[in-house]
Amino acid sequence: MEDCRPMQPRVVILAGGLGTRLRPYTTVIPKPLMPVGDRPILEIVLAQLRAHGFERITIATGHLAELIEAFFGDGSRHGLHIDYFREDEPLGTVGALALIDGLADDHTLVMNGDVLTDLNYGRLMADHVESGAAATISTHHRDVSISLGVLHFDDHDDEARVTDYSEKPTLKYEVSMGVYCFAPRALDHIPRGERLDFPDLVLKLIAAGETVRGWRSTDFWLDIGRTDDYEQAQEDFEALRERLLPGES
């Protein structure tokens, strides 16, 4: 009997980076297989995606690709359908999307393979589709503390004149969480076989008059590609286990 269930949106997980900020560990272990608690970060991500109703996963690999592919296989062990796209040469953080078959058929969730968060991916995708935007970027608030005195020079007639002084200021930013949703038409702005990074794609979409939206999140979030965040993840994982692994007893 033909399967008449509606197709779930596709997920592309970017797992091909060199992980230079986590060296020397990532010289022998690809960053998505770095452990958080008792399991690799990418295994946590896959469990979350399954819990939120996503089943069709493409993992874009590069550095130490064979280890990732051997560990996760076809995804059946995780209740998922996993396939792989291996980059023959680096295409930047978004260039591979133009070469992965089938992405033009539906909206796509694209994310880094080293994100530790309890963000609701299903709700993010539903909001993106309803908005009609070409792209939606999940964002998080970050404070950056400057441990130095900062001088301000705002006199255009005398560039050496100090006009203000801030002692150890804290700067506030909204930053990308590394989780994105794209409408099929967004892929038209990615040239096939050419290197392209996410910031460049976002700027191209804006220049073309497309709508790019931010999805502000207050969820737990760490980028374990950063050494400080990776160490924090190890400290926080057990306390947040039920939030990070929904449905696991």
**OP:** Answer yes or no: is there a donor N or O on one side and an acceptor on the other, between the side chain of D155 and the main chain of D157, under 3.5 Å?
**Re:** yes

Original post:
How many angstroms lie between NE2 in H81 and CZ in R10, if you round to the nearest 0.5 Å?
Top reply: 12.0 Å

**OP:** May I ask you to test the H78-E43 pair for a side-chain heavy-atom distance under 4.5 Å?
**Re:** yes

Subject >> Under 4.5 Å side-chain linkage, directly or through intermediates, the cluster mates of L203 >> reply: none

Mind listing the side-chain donor-acceptor pairs of residues 185-193 below 3.5 Å, one per line with the distance, residues two or more places apart or on another chain?
unit_1	atom_1	unit_2	atom_2	d
R185	NE	E210	OE1	3.0
R185	NE	E210	OE2	3.2
R185	NH2	G132	O	2.8
R185	NH2	E210	OE1	3.3
R192	NH1	A98	O	2.8

Original post:
Near R123 CZ, under 6.0 Å, is it more than 12 heavy atoms from other residues, nucleotides or ligands?
Top reply: no

Original post:
Are the side chain of Y230 and the backbone N or O of D223 linked by a donor-acceptor pair below 3.5 Å?
Top reply: no

Original post:
Which heavy-atom pair separates N112 from I13 by the least distance, and what is that distance?
Top reply: C-CG2, 4.4 Å

Subject >> Sequence neighbours excluded - ring pair (Phe, Tyr, Trp, His ring centres under 6.0 Å) pairs with any residue from residues 125-156 >> reply: H107-H128, H140-W221

**OP:** Determine, using the 4.5 Å side-chain heavy-atom cutoff (strictly less than), whether L240 and Y121 are members of one ILVMFWY cluster.
**Re:** yes

Subject >> R243/D219 ion pair, N-O < 4.0 Å >> reply: no

Original post:
Only one of D228, D236, D229 clears side chain to side chain donor-acceptor pair (under 3.5 Å) with Q232; which?
Top reply: D236

Original post:
Are there more than 12 heavy atoms of other residues, nucleotides or ligands under 6.0 Å from atom CD of E66?
Top reply: yes

Subject >> Atom CZ of R50 with >12 non-hydrogen neighbours under 6.0 angstrom >> reply: no

Original post:
R77 side chain to F71 main-chain N or O, any donor-acceptor pair under 3.5 Å?
Top reply: yes

Subject >> Donor-acceptor contact present, side-chain Q48 to main-chain L244, <3.5 Å >> reply: yes

Original post:
In Å and rounded to the nearest 0.5 Å, what is the CG to CG distance from L124 to N120?
Top reply: 8.5 Å

Original post:
Does V175 offer a backbone N or O that forms a donor-acceptor pair with the side chain of T139 under 3.5 Å?
Top reply: no

Subject >> Q234 side chain to G37 backbone, donor-acceptor under 3.5 Å >> reply: yes

